[in-house]
Amino acid sequence: MKDTVHAPMGDTAALIETCRGILGASHVLTNAAATRRYRRGFRFGEGAALAVLRPGTLVEMWQVLQACVKAGVAVIAQASNTGLTGGSTPDGTDYGRPVVIISTARLRKVYVIDEGRQVVCLPGATLDQLEKTLKPLGREPHSVIGSSCIGASVIGGVCNNSGGSLVRRGPAYTELALYAQVDAQGRLALVNHLGIGLETEALSMLAQLDRGELPPEAIQHGEGAASDQGYGAHVRDIDAATPARYNADPLRLREASGSAGKLMVFAVRLDTFPIEAGARVFYIGTNRAEDLTGIRRHMLKNFSQLPIAGEYLHRDAYDIAERYGKDMFLLIEHLGTQRLPALFGMKSRCDAFFERFSWLPRNFTDRLMQAASRWFPSHLPARMKDFRQRYEHHLMLKVSADSVEETRDYLSAYFAARGSDAGRGDFFLCDAEEGRKAFLHRFAAAGAAVRYRAMHPDEVEDIVALDIALRRNDQDWVERLPAEMERGIAIKLYYGHFFCYVFHQDYIVRKGEDCLALEHAMWRVLDERGAEYPAEHNVGHLYDAKPALRAFYQGLDPCNCLNPGIGHMSKLPYYRDAEA
């Protein structure tokens, strides 16, 4: 169904008044202080916005989108604003027209269908919320740890092909979605590919979804996949000369999946999965990277069941996370993940308040949180700290209950065969607390570099953050940089999803160094290694979109009115400077 509402950019004041009439004045934010938390990315990116619109229903979301398209403004959809490459915030001011952010955070509904085997999620639903909804049913979502720890949205994961830590499931993916699209003539259309029989008129359809009226007879099966069902076999192909997963993989770019805001997604339909009862965590340490290579290749090739998760952490990342990720660890440990979005919002408001006082030190809120964390006792288990002293490379391996004995026997034989020399690795089987804390510490590493930068502004120029996917057949995965590049880097932090060969590499750059030049040099190194990047955080405003990804984005949004500028593409209407 199409609604021809596009017109040349008109009176922005009239647009604001129209949106206030739809949403109410309290949900149309125009003041710079009020919009700050929406205009500034979690780790990267900041820009100007005419307004932030906060619809409370899908009907309202459709109506303000109509008004925005008619007014000719650029529109950026944003859910939790937890992305790491700035892809859901404006970037600068050079869009050639005003930018409006549509925040979907109030649209947090999750509908369970098909006796819990699938769900329909609205745009503001979070992974944490979905996990809690499914737990009483003995089910869990595609991703259960990692991004969920900071309140990431379900639809954000789908739109960015986000990967997560679970080895068997691959990137977030679905072929079943309800979305709005603007065609080359500027006509706005609502497309129902949910595989659910809904009302045919746009407002009626969206009102039906708002009410959650999804009778079993309306649920159609065989209309498309609601998860990446072939990833398990794909990741086992350890001799393939291509990565297991990366954002621009054409195999996983389809409509909403991988769309990165070039469609306005109203709902997605996703598979759920049985909860693994009795899963256990092995903690592995070694000073020889080839040990982890051998373990990965053997388990992927020979084990009857894939591990649930295999997370890598280098000792330097362990140390930075222990000190600069401690408050995040403690917040999640004691308050749970569900409160983090509100806490991040409060922190943003505090940051905006303290920035008014020039006599206060920069990043005052971060300094307060860092100081407070020092009052708490050590938060990591003794056996983990012992392995930190002994080993450079750490691997947290979570396996199913019926794989515990096979894994223990294999690891025992593997390390015994390597003798008793000083470089020999070791492992231990975690108890429940150790296993939980090991994985939580690994994910605290993701934000630790940001805190380090905030605490050392006179020593740190910035962070160069890369997420890369190595070829599945690579045996030598440890990065070695040229000496001229090493000189500009103060600290290198390596961590990632080891069995998928997806690594997060954060480089804390010394003051005065050219971060952009360093990043481009890094890209050349990665190209020589045959790596793909980004692997799971998507291009945002950090990476260049490669040709296939550019073509995909332009096909979805030929007017370039939705999330313009991502992947270093044109920010102007119709990509008109794309050839410059």
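Note that the structure is a prediction, hence the values are computed from the model and not measured.
Surrounding NZ of K398 are at most 12 heavy atoms belonging to other residues, nucleotides or ligands under 6.0 Å away. By the neighbour-count criterion of 12 heavy atoms within 6.0 Å, atom CD of E115 is sparsely surrounded, having that number or fewer from other residues, nucleotides or ligands.
Under the 30°/60° scheme for interplanar angles, the aromatic rings of Y501 and F503 are found to be tilted. Between Y179 and H193, the angle of the ring planes goes over 60°, which puts this pair in the perpendicular group of the 30/60° scheme.
Screening R169, K135, K132 for a salt bridge (Lys or Arg N to Asp or Glu O under 4.0 Å) with E140, the sole residue that qualifies is R169.
Counting heavy atoms from C-beta outward, L122 and V154 have side chains that stay 4.5 Å or more apart. Between F443 and S165, the closest side-chain pair of non-hydrogen atoms falls below 4.5 Å. Counting heavy atoms from C-beta outward, T133 and V112 have side chains that approach closer than 4.5 Å. Here the side chains of R550 and M569 are in contact, with some heavy-atom distance below 4.5 Å. The closest side-chain heavy-atom distance from E322 to M384 is not below 4.5 Å.
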Worked check of ring-ring contact (aromatic ring centres under 6.0 Å, His included) between H394 and Y318 | CA-CA 9 Å; H394 298 240; Y318 181 112; 5.5 Å; yes
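Between I113 and R269, the shortest heavy-atom distance links the atoms CD1-NE, 3.9 Å.
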